[in-house]
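Below, read A as the first sequence line, B as the second, and so on, with proteins coming before strands; counting in each chain starts at 1.
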Amino acid sequence: MARGCQLLILTLCLTTVAPQVVSAQVYIGGGFPRGGSVELGGGGAWVQGFEIESPTAQLSRATGAQRFDLFSTDADVQRFTGAHLRAGVYLTSSISVEGGVRYATPVMSIRLSGDVESAEETVATQTLSHYVFDGSVLLHFNGAAFAGGRGVPFVSVGGGQVRELHEGRELVETGRAVHGTAGLKYWLGTGRRRVGLRAEIGVVSRTGAADSDDSGRVLPMALGGLTFLF
Amino acid sequence: MNPVKAGPLVLVLLLSVLVAPAYAYLKLGVRVGTRTVSLQWNAFPIRYFITNRGAPGVDSAQFESVITRAFSTWNAVETSETSSQLVGFTAASPTSGDGMSVLGFASRPDLERVLAATNFIIDVTTGEIVESDIFFNTAFSWSVSPAGETGRHDLESIALHEIGHLLGLGHSAIGETEVVPGGRRVLAAEAAMFPIAFSPGSIADRTLKADDIAGLTDIYPNPATRRTRGSISGRVTKNGAGVLGAHVVAFNTRTSALVGGFTLSDDGSFTIAGLEAGPHVLRVEPLDDAEVDSFLDASMNVDLNFRVRFHDRVVVVPQGGGTRGVELRVVPK
Ligand SMILES: [Zn+2]
């Protein structure tokens with residue numbers, strides 16, 4: 001942190017007095033992005049699957065007491081991969097804010113079994129369209145940078161809205177998602193404009209949307225891709 | 001009373017008889033030319049009389065209280081719009097077409113398996129119900145006890161079922177029975193409109209279930225319901241041909257609601273309406289352990305030769321819309 005602040009001050013001074021040399025000077029001590037730098041990126045995403053509350057189809061008995069089971073269900077959303085895009089801006093050389101969208105098409109499966117009239121066990125499926133629109137704050141650990149400042153660890157926290165469209169795209173359900181990740185950016189260049197690799201792992205806590213469990217759930221998540229600095 | 005329309009009227013008698021299980025609600029209909037129209041009341045409140053004749057264990061005041069409560073249960077369904085009004089007591093018979101809708105006890109020892117029955121006067125050009133009477137058979141023992149009475153049928157449960165008919169609903173088939181000497185015994189059911197009553201003493205049928213509510217909502221939806229409830233329609237096929245008389249039940253995996261429908265034409269098409277939005281799984285079964293004519297016209301060539309099966313797709317019901325084109329393929333037994 002302390003080092004990041006010093007670098008920021010240095011960069012601003014140079015900009016004021018000698019703007020023509022900014023690109024040459026900005027990576028002195030690591031070449032970290034400066035406040036106002038814009039980062040655009042995208043790539044793949046992976047999210048762990050989860051089980052969904054699975055009711056049993058039941059009938060009422062004459063006594064109103066114990067229920068009569070017609071058949072059982074066992075539902076889950078399988079782990080899924082997708083894509084993400086994001087755009088961010090650096091507030092300082094170590095802090096940036098981002099907005100982004102993730103998209104995937106997870107499969108919801110419902111296993112139907114235990115039928116009272118011996119219907120063959122069946123797995124019914126549908127494909128969801130899953131969107132997350134979120135915002136994040138990133139803290140970059142410039143002091144822990146390596147490879148001449150090209151490799152920069154960071155952590156990210158944020159949250160946003162989950163929108164899931166059921167198959168047929170006529171029924172949309174919304175929920176909330178909060179995430180926390182830790183990752184690494186590895187810049188392939190040191191110029192003011194450069195491309196890099198970005199990877200992060202963490203968890204996403206989601207509530208609602210196509211998930212019937214209102215208490216929410218925490219799922220492992222991984223993101224990776226290219227990122228561009230301007 | 002509802003005025004009698006210019007069209008021809010016909011008396012329809014609907015009995016509660018002992019039949020077997022399946023899974024569906026069914027609207028009562030009448031053939032008008034080449035199409036079938038649903039029976040329904042067009043004017044509310046439904047004005048009805050009750051007879052001043054009680055039965056053993058039930059005086060007229062208790063009868064009035066039970067009938068009012070049963071009407072109120074149907075009228076309280078939030079997704080539909082029905083209302084009713086007790087006009088008063090009458091000495092008229094609950095079985096005659098006299099321009100008054102009358103509910104009361106009647107002695108029908110000849111109908112030894114019929115607890116109660118509903119009949120209608122309908123305008124067969126429009127399907128409008130003009131009059132409907134309900135009788136409760138004094139050949140059986142009745143109870144109005146809040147907790148039920150051993151050996152006596154619960155009047156409120158049976159009244160709820162018959163008033164469902166009065167409103168235009170046919171029998172639901174969401175239930176399971178077992179064969180016993182002299183008929184069938186209900187193991188379990190999830191619809192007040194299931195055609196066989198629970199054993200005497202039970203009060204389990206005093207409440208409406210999802211299938212009953214969907215059926216009423218299908219006939220008398222309120223404006224909000226039209227925007228929020230949806231439907232599933234499609235076909236049941238076997239070797240590419242339509243299956244007539246199959247039962248299709250939709251299970252909402254979010255709410256646990258069970259609502260069903262029948263395939264009612266030779267092409268195997270079905271529609272299940274009045275469904276809450278959300279993902280559903282579908283189950284189709286033959287009406288192979290039932291008296292088919294308890295549900296459908298006896299002249300229909302109902303196909304019983306196929307296996308119970310689940311659909312392998314989750315079917316999503318949108319709000320205020322319908323999912324069409326669902327094809328349930330079944331195989332012969
Ligand atoms: Zn009936």
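Between A:Tyr131 and A:Tyr103, the ring planes lie tilted relative to each other; the angle falls in the 30° to 60° range. Relative orientation of the B:His171 and B:His165 rings is perpendicular, given thresholds of 30° and 60° on the angle between their planes.
No side-chain N or O of B:Asp154 forms a donor-acceptor pair with one of B:Ser143 less than 3.5 Å apart.
Of the listed residues (A:Ala119, A:Pro55, A:Gly168, A:Ala62), the greatest number of heavy-atom pairs within a distance under 4.5 Å of chain B belongs to A:Ala62. Taking chain B as the reference chain and counting heavy-atom pairs below 4.5 Å, the highest number among A:Thr125, A:Leu112, A:Val123, A:Thr73 is found for A:Thr125. Contact count against chain B (heavy-atom pairs under 4.5 Å) is highest for A:Asp115 among A:Asp115, A:Thr56, A:Thr63. When A:Met108, A:Glu120, A:Glu167 are compared by the number of non-hydrogen pairs under 4.5 Å with chain B, A:Glu167 comes out ahead.
No donor-acceptor pair under 3.5 Å is formed between the side chain of A:Trp187 and the backbone N or O of A:Gly149.
For B:Phe251 and B:His280, the ring centers sit 6.0 Å or farther from each other. Aromatic ring centres of A:Tyr90 and A:His140 lie closer together than 6.0 Å.
In this structure, the portion of A:Glu173 lying under 4.5 Å from any heavy atom of chain B is its side chain and not its backbone. Of the atoms belonging to B:Leu258, it is side-chain heavy atoms, and not backbone ones, that fall under 4.5 Å from chain A. Contacts between B:Val186 and chain A at a heavy-atom distance below 4.5 Å are absent for every atom of the residue. With a threshold of 4.5 angstrom between heavy atoms, B:Val317 approaches chain A through N, CA, C or O but not through any side-chain atom. Using a 4.5 Å cut-off between heavy atoms, B:Arg309 touches chain A through its backbone atoms (N, CA, C, O) alone.
A salt bridge links A:Arg206 with A:Glu164: the closest approach of a Lys/Arg side-chain nitrogen to an acidic carboxylate oxygen falls below 4.0 angstrom.
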